[in-house]
Amino acid sequence: MENSNEEHKSLNFIEQIIEEDLAGGFSANQLKFRFPPEPNGYLHIGHAKAFCLNFGLGEKYNAPVNLRFDDTNPSKEEQEFVDNIKYDLAWMGFKWAEECYSSDYFQQLYDWAVLMIKKGKAYVDSQSSEDMAKQKGTPTTTGTNSPFRDRMVEENLDLFNRMKQGKFKEGEHVLRAKIDMAHTNMLMRDPIMYRVMHKHHHRTGNDWCVYPMYDWTHGESDYIEQISHSLCSLEFKAHRELYDWFLDQVYDKKQIRPKQREFSRLNLNYTVMSKRKLMQLVEENMVNGWDDPRMPTISGLRRRGYTPAAIRDFIDKAGVSKRDQMIDVALLESCIRTDLNKSTYRMMAVLHPLKLVITNYLEGKTELVSAENNPEDESAGHREIIFSKEIFIEKDDFLEECPNKIFKLGIGKEVRLKNGYIIKGEEAIKDANGNVVEVRCTYDEKSKSGSGTEESKRKVQGTLHWVSASHNITAQVNVYNRLFTVEAPDSDKEVDFKTLINKDSLSVLKDCKMELALKDAKPSERYQFQRIGYFCVDKDSTTECLIFNRTVTLKEGW
RNA sequence: UGCCCGAUGGUGUAACUGGCAACACGUCUGUUUUUGGUACAGAAGAGUCUAGGUUCGAGCCCUAGUCGGGCAACCA
């Protein structure tokens, strides 16, 4: 059918590059992408931009996307991180074509390096890193050649071989590409390709005593896997020149030549995104682990109650470009509200209970009231809730002298109890300090919700959620707020970001009263607590003590 | 001081390759509502960093400047 109103979704600049390549004759079935995390930390919302982009492109063009662990530095990398990264990606709903490891290519990389030595394109340098740093020059001054730069091929071959055999100590020798010590791009000044490391590798064990550097490894790995478009963040822009140079050393024109392109990384306000800083928060116990619901990690967001759909929607709305982006966390929150609004059951839970006694309600009487499970979804049906003479309402929903325009219960003021009756405040019982500890009220017997009576249709200012005082469960609620007090905790290098942590980022409420229907709630289930927000059952929850994490508040009015 | 990127409402992203600056989030109004939620209707808010130039016409092209970011790990 002709669709003249078809929404023309504009392409981001990466998609435009791909479209241009396609228009220029590149075959669509040669398109191939990759997501290349280093297994030295947990995935966070910033990585989500990269993996949603790559896997999203794979879905859009029906092209394979490899998951490649960039594991060239055994001193920082661990199997634990590999496992968690895979778990997160699978949870997000992404399917990789192949699970690859840069370490799978160590032999090929080594062989190529030997070839480069033979062609006079690489040499073994035997200086200290300090000396090499001095010779590197600065962005404005050229570097100087290493005294070992013109070693004989045979000597280079011999040394490199013995480096591999483990005959040297760490730091004694490195293999360098022979490019140009006067290059304006510092990365081109004879970059290091291999260093000696006597470390156990999570996959290759103790097979290797030399490990390749990122620049030498990444592009060649892309080439080996025949990746068509190698997408990375902006800080690698300057590396592109080296990426291409290394590729030139091994490139065969019959093969696909990978193309590196760079986009800006995603920042979220009121949090930090660097792996190093997140690691610090974990190690110094400022949070309870990588999956603490306050962390911007995928595992933290998951535990907080975020859904894959909401995260993907967020990344989609954030877009892809080449300028620094600091995205308002309100956008993330809007995405999860939109998703949860249509899917979650509405429940009644009182976080700060205040006892309310209906003086004219029969002692010992109970009745069932009907509640809609989800007004956004007719098929979700209804459930019944026990109503009784004594109930709990939210402390904050009672204001002794309450003006009519405020939607709360007051003395002499009427409100509706959700799904129940209209009540009128009569008396506030206080303790010695003047705190209200109980409220007495009367109810209008004819005002029962859904009864159809004139009285039930009365308009009152305010509808309160409630829980029967003798028919409820007590549960714990973790109320989470932003982890930092300022929008950009890491913007000022003079200020330690840890001093900017929000002291109220977590409050644990242990005496919350919830309706009986929540009794069998299971970990990771999500609910809306009416008038409060969205909550997710925590994984540490037990049948004896349910724990709910607040995902996000409802959009706050007034 | 060198090189490389970038600059569009508060935030983010568009503007079909030069033709009245749009969308989302946020903000504010109103309507509906047994959630101060949702839904719906509407409003405010940028004249596209600055100055020149090319052009009938520039957010898009050119030049210079300004501002922001990146680049000198045996990290990735």
Side-chain angles (χ1 to χ4, degrees), chain A residues 7-12 16 36-38 40 70-73 75-77 102 125 128-129 132-133 136-143 170-176 183-187 189 192-197 210-211 213-215 217-218 232 234-241 262 264 266 269 275-276 314 316-335 337-338 341-342 346 348 371-372 375-376 406-408 415-420 422 449-450 456-465 487 528-534 553-558:
Chain A
E7 246 177 88
H8 170 256
K9 177 103 163 65
S10 55
L11 304 177
N12 63 47
Q16 284 176 23
E38 183 190 10
N40 69 343
D70 223 334
D71 57 350
T72 58
N73 186 351
S75 64
K76 303 199 302 185
E77 295 151 6
S102 295
D125 199 337
S128 66
S129 57
M132 282 193 285
K136 192 115 193 179
T138 71
T140 50
T141 58
T142 63
E170 292 189 8
E172 258 186 284
H173 304 284
V174 292
L175 184 74
R176 292 229 254 172
H183 204 108
T184 53
N185 182 346
M186 300 281 296
L187 293 162
R189 324 246 258 226
I192 293 175
M193 294 172 68
Y194 280 92
R195 72 283 214 193
V196 174
M197 277 182 113
V210 287
Y211 289 93
M213 300 289 289
Y214 166 84
D215 288 298
T217 310
H218 202 94
C232 59
L234 237 35
E235 67 269 28
F236 291 101
K237 176 61 174 62
H239 293 248
R240 187 151 113 199
E241 199 170 12
E262 313 81 13
S264 63
L266 177 151
N269 59 8
K275 275 198 238 182
R276 205 191 94 254
F314 168 71
D316 188 52
K317 286 186 161 73
V320 182
S321 71
K322 295 175 77 165
R323 37 180 143 146
D324 299 335
Q325 52 176 205
M326 173 66 84
I327 296 181
D328 194 335
V329 67
L331 180 64
L332 217 209
E333 294 179 343
S334 151
C335 291
R337 283 195 193 101
T338 302
N341 174 53
K342 51 181 199 277
R346 310 302 141 108
M348 292 206 284
E372 207 176 359
E376 305 296 316
I406 295 187
F407 291 40
K408 297 180 178 184
V415 292
R416 182 187 302 278
L417 292 173
K418 179 82 183 171
N419 304 127
I422 291 172
S449 294
S456 72
K457 291 176 184 161
R458 231 155 9 104
K459 299 276 178 212
V460 289
Q461 285 286 58
T463 298
L464 310 188
H465 58 281
E487 286 203 49
Q528 183 196 96
F529 290 168
Q530 278 185 120
R531 302 206 307 134
I532 304 176
Y534 296 96
T553 61
L554 250 31
K555 195 171 166 189
E556 323 237 12
W558 90 104

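All values below were derived from every heavy atom in this structure, side-chain atoms included, with hydrogens, water molecules and symmetry-related copies excluded. Here is how names work: the chains are called A, B, and so on, in the same order as the sequence lines, proteins then strands, and each is numbered from 1.
Side chain Gln325(A) to base U11(B): no donor-acceptor pair is found below 3.5 Å.
Glu376(A) has its side chain within reach of Asn341(A): a pair of non-hydrogen atoms, C-beta onward, lies under 4.5 Å apart. At least one side-chain heavy atom of Phe314(A) sits under 4.5 Å from a side-chain heavy atom of Leu331(A).
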Below 3.5 Å is the cut-off: list the nitrogen or oxygen pairs between protein and nucleotides 23-33 of chain B, distance only.
none

Nucleotides 73-76 of chain B: which of its N/O atoms have a protein N/O under 3.5 Å away?
{"from": "C74(B)", "atom 1": "N4", "to": "Gln127(A)", "atom 2": "O", "distance (Å)": "3.4"}
{"from": "C74(B)", "atom 1": "N4", "to": "Gly171(A)", "atom 2": "O", "distance (Å)": "2.7"}
{"from": "C75(B)", "atom 1": "OP2", "to": "Arg195(A)", "atom 2": "NE", "distance (Å)": "3.0"}
{"from": "C75(B)", "atom 1": "OP2", "to": "Arg195(A)", "atom 2": "NH2", "distance (Å)": "2.7"}
{"from": "C75(B)", "atom 1": "O3'", "to": "Arg195(A)", "atom 2": "NH2", "distance (Å)": "3.3"}
{"from": "C75(B)", "atom 1": "O2'", "to": "Asn73(A)", "atom 2": "ND2", "distance (Å)": "3.1"}
{"from": "C75(B)", "atom 1": "O2'", "to": "Lys76(A)", "atom 2": "NZ", "distance (Å)": "3.0"}
{"from": "A76(B)", "atom 1": "OP1", "to": "Thr72(A)", "atom 2": "OG1", "distance (Å)": "2.6"}
{"from": "A76(B)", "atom 1": "OP1", "to": "Arg195(A)", "atom 2": "NH1", "distance (Å)": "3.4"}
{"from": "A76(B)", "atom 1": "OP1", "to": "Arg195(A)", "atom 2": "NH2", "distance (Å)": "3.1"}
{"from": "A76(B)", "atom 1": "OP2", "to": "Tyr214(A)", "atom 2": "N", "distance (Å)": "2.9"}
{"from": "A76(B)", "atom 1": "O4'", "to": "Glu38(A)", "atom 2": "OE1", "distance (Å)": "3.4"}
{"from": "A76(B)", "atom 1": "O3'", "to": "Asp70(A)", "atom 2": "OD2", "distance (Å)": "3.3"}
{"from": "A76(B)", "atom 1": "N6", "to": "His239(A)", "atom 2": "NE2", "distance (Å)": "3.2"}

Using a cut-off of under 3.5 Å, enumerate the N/O to N/O pairs linking the protein to nucleotides 5-9 of chain B.
{"from": "U8(B)", "atom 1": "OP2", "to": "Arg323(A)", "atom 2": "NH1", "distance (Å)": "2.6"}
{"from": "U8(B)", "atom 1": "O4", "to": "Arg323(A)", "atom 2": "NH2", "distance (Å)": "2.9"}

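G47(B): glycosidic angle within 90° of 0, hence syn. For U31(B), the O4'-C1' to base torsion is more than 90° from 0; the nucleotide is therefore anti.
Counting non-hydrogen atoms under 4.0 angstrom, Gln528(A) reaches a base of the nucleic acid. Counting any heavy atom pair closer than 4.0 Å across all strands shown, Ala238(A) reaches no nucleic acid atom. Gly450(A) comes within 4.0 angstrom of a base, heavy atoms only. Among the atoms of the strands shown, none is found under 4.0 Å from any heavy atom of Val460(A). Using a 4.0 Å heavy-atom criterion, one finds that Arg189(A) contacts no nucleic acid atom at all. Counting any heavy atom pair closer than 4.0 Å across all strands shown, Gln530(A) reaches a base atom.
Taking the six-membered ring where tryptophan is involved, the planes of Tyr214(A) and Phe236(A) are tilted, since the angle between them lies from 30° to 60°.
Regarding contacts with the backbone of G2(B), every side-chain N or O of Thr184(A) stays at 4.0 angstrom or more from both OP1 and OP2.
Taking every side-chain heavy atom of Thr140(A) into account, G2(B) is the closest of G37(B), G36(B), G2(B).
Applying the side-chain contact (heavy atoms from CB on, under 4.5 Å) criterion to Thr142(A), with sequence neighbours excluded, gives Ala182(A). Considering only residues two or more places apart in sequence or on other chains, Gln530(A) meets the side-chain contact (heavy atoms from CB on, under 4.5 Å) condition with Arg346(A), Met348(A), Lys418(A), Gln528(A).
Panel note: side chain Glu487(A), backbone Asn269(A); no donor-acceptor pair is recorded below 3.5 Å.
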Secondary-structure string, 5' to 3', Watson-Crick or G-U under 3.5 Å, | for another-strand partners, for RNA chain B: .((((((..((((.....[..)))).(((((.......))))).....(((((..]....))))))))))).....

